[in-house]
Amino acid sequence: MLRRAAAAAVVLAGVLAPAGHADDGRSGGICKGATMFVKVCASDGGTAPGAPGSGGTATSAGTSGGGSSKPSCTYTRLDPQPPPDNMFWKGHDRSEKGAVYGVNCPNSQGARTVWLPDGQDPDATPVIDPEAVARRAVDSMKLAGPVVGSPREAGTYVVGMPMWMHLEPSPTTYGPAEASATAGGVTVTATAKVTTVRWDMGDGTTVTCHGPGTKYTPEQGKGMSPDCAHRYQRSASDKPDGRYRGTATAAWTITWTAPALGDAGEFNETRQTTWTAHVGEVQVLN
């Protein structure tokens with residue numbers, strides 16, 4: 001059963017972050033840009049939320065009896081109701097006959113809130129978890145690991161010199177892209193974005209970049225990339241084939257909305273690509 005305090009604490013917040021930063025290789029960094037829209041639908045049927053004035057009693061939307069494969073959600077009427085200017089009202093106000101409920105669905109990340117009108121027909125309450133539907137739609141997009149433009153397989157990199165890392169964005173590896181499906185009169189729209197890329201450099205360090213990176217051009221000389229770079233401190237001469245082996249892990253943030261339900265949420269997925277880089281030292285001739 002969903003606790004009212006947990007439901008009331010759900011807040012969607014944006015965080016400003018630097019273009020790129022190096023991690024210590026132990027804490028793991030944070031991977032969270034591109035857009036993909038998906039419209040998927042929920043079926044009807046189930047049990048209505050608790051009656052207005054029920055003071056937080058919770059009910060599960062779902063079919064009774066065995067055999068149902070539809071994930072059920074628990075609805076709890078918030079008591080007290082949020083302040084009039086709170087985002088949980090979803091554009092409604094206290095003059096309308098309805099209330100804000102906390103929603104907890106199996107296998108979902110955290111709690112959500114919805115606004116529901118008083119006396120809503122029990123059969124009109126979706127028994128399906130919209131986040132679960134959004135996840136199935138995202139699976140159909142076939143999102144893949146990032147395409148690494150640099151470091152290049154054929155490239156040679158030098159100890160102490162900046163290595164510019166960048167990706168080659170595409171709809172399935174970085175976005176944007178969109179897909180849609182509708183059924184049962186309820187549509188869920190999901191948007192997927194790669195928000196960060198975590199580079200494991202193969203030398204025990206990681207770099208987190210908030211974008212695809214900038215492609216190196218000869219006129220840049222020995223300058224550092226403005227948003228995604230690394231300096232190797234030692235050669236890879238002791239590594240197989242004289243190469244560091246690393247990974248680029250793209251973190252997708254998926255936000256979804258279900259306008260007909262006044263519901264919304266967010267979850268994350270990752271995709272990874274491996275790469276290698278030949279790193280050596282400058283040979284000085286006497």
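The first residue of the sequence shown is numbered 1, and numbering continues consecutively from there. Hydrogens, waters and symmetry mates are skipped; everything else that's a heavy atom, side chains included, is used.
To the nearest 0.5 Å, the span separating NE2 on H230 from SG on C209 amounts to 11.0 Å. With rounding to the nearest 0.5 angstrom, the CZ atom of R243 is 13.5 Å from the OG atom of S235. To the nearest 0.5 Å, the span separating CG on D200 from OG1 on T206 amounts to 6.5 Å. Taken from OH in Y157 to CZ in R231, the straight-line distance is 15.5 Å, to the nearest 0.5 Å. Interatomic distance, CZ of F267 versus OG1 of T255, reported as 9.0 Å (0.5 Å rounding). If you take CD1 on I254 and CZ on R135, they are separated by 7.5 Å, rounding to the nearest 0.5 Å.
When side chains are defined from C-beta on, N268 does not count as touching W252, because their heavy atoms never get closer than 4.5 Å. Contact of the Y244 side chain with the K239 side chain is registered, since non-hydrogen atoms from C-beta on lie closer than 4.5 Å. With a 4.5 Å cut-off on side-chain heavy atoms, V279 and V159 count as touching. Residues T249 and V197 form no side-chain contact, since every pair of their non-hydrogen atoms from C-beta on lies 4.5 Å or further apart.
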**Report entry** Intermediate values then yes/no, side-chain contact (heavy atoms from CB on, under 4.5 Å), V207 and M201
**Finding:** CA-CA 7 Å; V207 177; M201 304 309 299; 4.3 Å; yes

Query raised in the report: Yes or no on side-chain contact (heavy atoms from CB on, under 4.5 Å) for M165 and S150, after CA distance, side-chain angles and deciding distance?
Result: CA-CA 5 Å; M165 292 99 73; S150 176; 5.7 Å; no

Query raised in the report: Can you list the steps and then say if E269 with R271 is a salt bridge (charged side-chain N to carboxylate O under 4.0 Å, His left out)?
Result: CA-CA 7 Å; E269 293 192 5; R271 300 291 187 275; 3.0 Å; yes

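The heavy-atom pair separating P151 from W275 by the smallest distance is CG-CE3, 3.3 Å. Nearest heavy-atom pair across W89 and P83 is NE1-O, 3.0 Å. The shortest non-hydrogen separation linking H278 to D241 is CD2-O, 3.9 Å. Shortest non-hydrogen contact noted between M224 and P162 is SD-CB, 3.7 Å. The nearest pair of heavy atoms linking T276 to E153 is OG1-OE1, 3.1 Å. The minimum heavy-atom distance linking E96 with W115 is given by the pair CB-CZ2, 3.9 Å.
For the residue pair S225/D227, the side-chain donor-acceptor check at 3.5 Å is satisfied. Looking only at atom types and distance, the side chain of T253 has no donor-acceptor partner in the side chain of E266 under 3.5 Å away.
Two different hydrophobic clusters hold V147 and L167 under the rule that ILVMFWY side chains link at heavy-atom gaps under 4.5 Å.
At distances below 3.5 Å, not a single donor-acceptor pair connects side-chain atoms of E168 with backbone N or O atoms of V148.
Y216 shares a hydrophobic cluster with W164; the chain of contacts runs through ILVMFWY side chains whose heavy atoms sit under 4.5 Å apart.
Among the candidates M163, E281, M161, the single residue satisfying the side chain to side chain contact (heavy atoms under 4.5 Å, CB included) test with Y232 is M163.
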